[in-house]
Amino acid sequence: MTKNNLNPLVPKRQPDRQAEVDTLFASMGEGVITTDAFGKISRVNPVAQRILGYTEEELLGEWFPKKIVAFSMSGERMSVMSRPITRIFISGKPVSEKLYYLNKSGERIPISITASPILVKNKPVGAIGVFRDITLEQEVDRMKSEFISLASHQLRTPLSAIKTYTHMLAEGYMGALNRDQKASLQTIISASNRMNELISTLLNVTRIESGSISVVLKTVNLDSVIREVLPELLLMAEVKQISVSLETKESLRNRIRTDPLIVKEIITNLVGNAIKYTPKKGEVRIAIQPRSQDILIEIHDSGWGIPAASQDQIFSKFFRGQNIVKRETTGTGLGLYLVKSLIDILGGRIWFTSEETVGTSFFFTLPRNKRLKTATKFVDRIKQ
Ligand code: ADP
């Protein structure tokens, strides 16, 4: 029996056409594995064999999720149901993901994979996974994060000196100032505050990416945690005459075990965005809804909204909406990436609904009783 006869997915073709398809498959620069409708490996190209360390004979006919063990990027072994190849059989839609494959020698290889269903007359008859080894990319990413972390730390020191001396000048310790001098100092102070926030965001992103955010769990009342960050946000809202309300009913049921400092960072980012991306005289509403297993928090605004075409990119690093860039020049596109990562750490979920020019609602959940994962490193506390 030839290799192709093993494969029910490969239709009978003219011999020269078949040879051409085989050559194309073998020459692809990415790893490719196809399976039948039961997840059994039906084809595997040389790059896939090289990445996984198995020969074609060792892979063909094997049940893919069992033969090739996968781990999520956070290091947990993936169940059969969570594997991309299983998910596409359920949803019928392609899945792109980063994960680790265990190769034949037991090493974890970081992989970026896109798995798609093979459809014949709209029915899935198998799956195709196209993947590549991203070890090098991860290393470059790590070096980039290390550089940003180092640069941000170095920037902090001169900035502290600028802040201290401008405050001393503004307070009149070095002599009385006239109105113009005071106004100029206020501009310097607010610019250095913005720079400080930017450096904090950069440092927090590098901490998340290196897995060195510390989580300190406490039993707290969510209302009080939110009220602690409100004054600073209200100042921002006042300038634009935006009303900010906090809707909460049963405060006793709002007690949860979580990390209050991380929750404050999340709220500051989401409410800060709601105020920033809402025109003057608009409205921002924060609502807390206790549920049996978790607490649902909604942050609603009557702002410019997120264009439908870019809604799937909203949590990506450096993303900024086209409608926003035109109006609001300051921003890094890192806030929501940070927020999503922090909510993941706390065991919650985030999603949103938005309509351009009408408004946006961000929703997130916090589990009532967050338990620490032993695999997480708790080294450094997030800085406010
Ligand atoms: P930044 O605010 O620094 O640009 P974020 O990651 O916090 O970065 O947000 C990314 C983008 O998402 C924003 O630039 C904006 O286009 C969009 N966005 C976030 N929140 C809202 C909101 N409440 N309303 C409209 N657009 C928003």
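It should be emphasised that the depicted structure is a prediction, and the values quoted were computed from it without experimental measurement. Numbering of residues begins at 1 and proceeds along the displayed sequence. Order of appearance sets the numbers: ligands from 1, and atoms from 1 within every ligand.
- Donor-acceptor pairing under 3.5 Å is recorded for the side chains of D22 and Q18.
- With hydrogens and angles ignored, the 3.5 Å screen pairs a side-chain donor or acceptor of R87 with a backbone N or O of S82.
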Report all N/O contacts between ligand 1 and the protein shorter than 3.5 Å as a table of atom names and distances to 0.1 Å; if there are none, say 'none'.
unit_1	atom_1	unit_2	atom_2	d
ligand 1	2 (O)	N273	OD1	3.3
ligand 1	2 (O)	Y277	OH	2.6
ligand 1	3 (O)	T332	N	2.7
ligand 1	3 (O)	G333	N	3.1
ligand 1	4 (O)	Y277	OH	3.1
ligand 1	4 (O)	R320	NE	2.6
ligand 1	4 (O)	G333	N	3.4
ligand 1	6 (O)	G335	N	3.1
ligand 1	6 (O)	L336	N	2.7
ligand 1	7 (O)	N273	OD1	3.4
ligand 1	7 (O)	N273	ND2	2.8
ligand 1	7 (O)	L336	N	3.4
ligand 1	8 (O)	G333	N	3.2
ligand 1	14 (O)	R320	NE	3.3
ligand 1	16 (O)	G321	N	2.7
ligand 1	23 (N)	D301	OD2	2.9

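- The one candidate from I109, L52, N103 that meets the side-chain contact (heavy atoms from CB on, under 4.5 Å) condition with D133 is I109.
- Contact check for S245 versus H300: no side-chain heavy atoms found under the 4.5 Å cut-off.
- Counted by atom type alone, S145 and T206 present zero donor-acceptor pairs between their side chains at under 3.5 Å.
- Looking only at distances, a side-chain donor or acceptor of K240 sits under 3.5 Å from a matching main-chain atom of T278.
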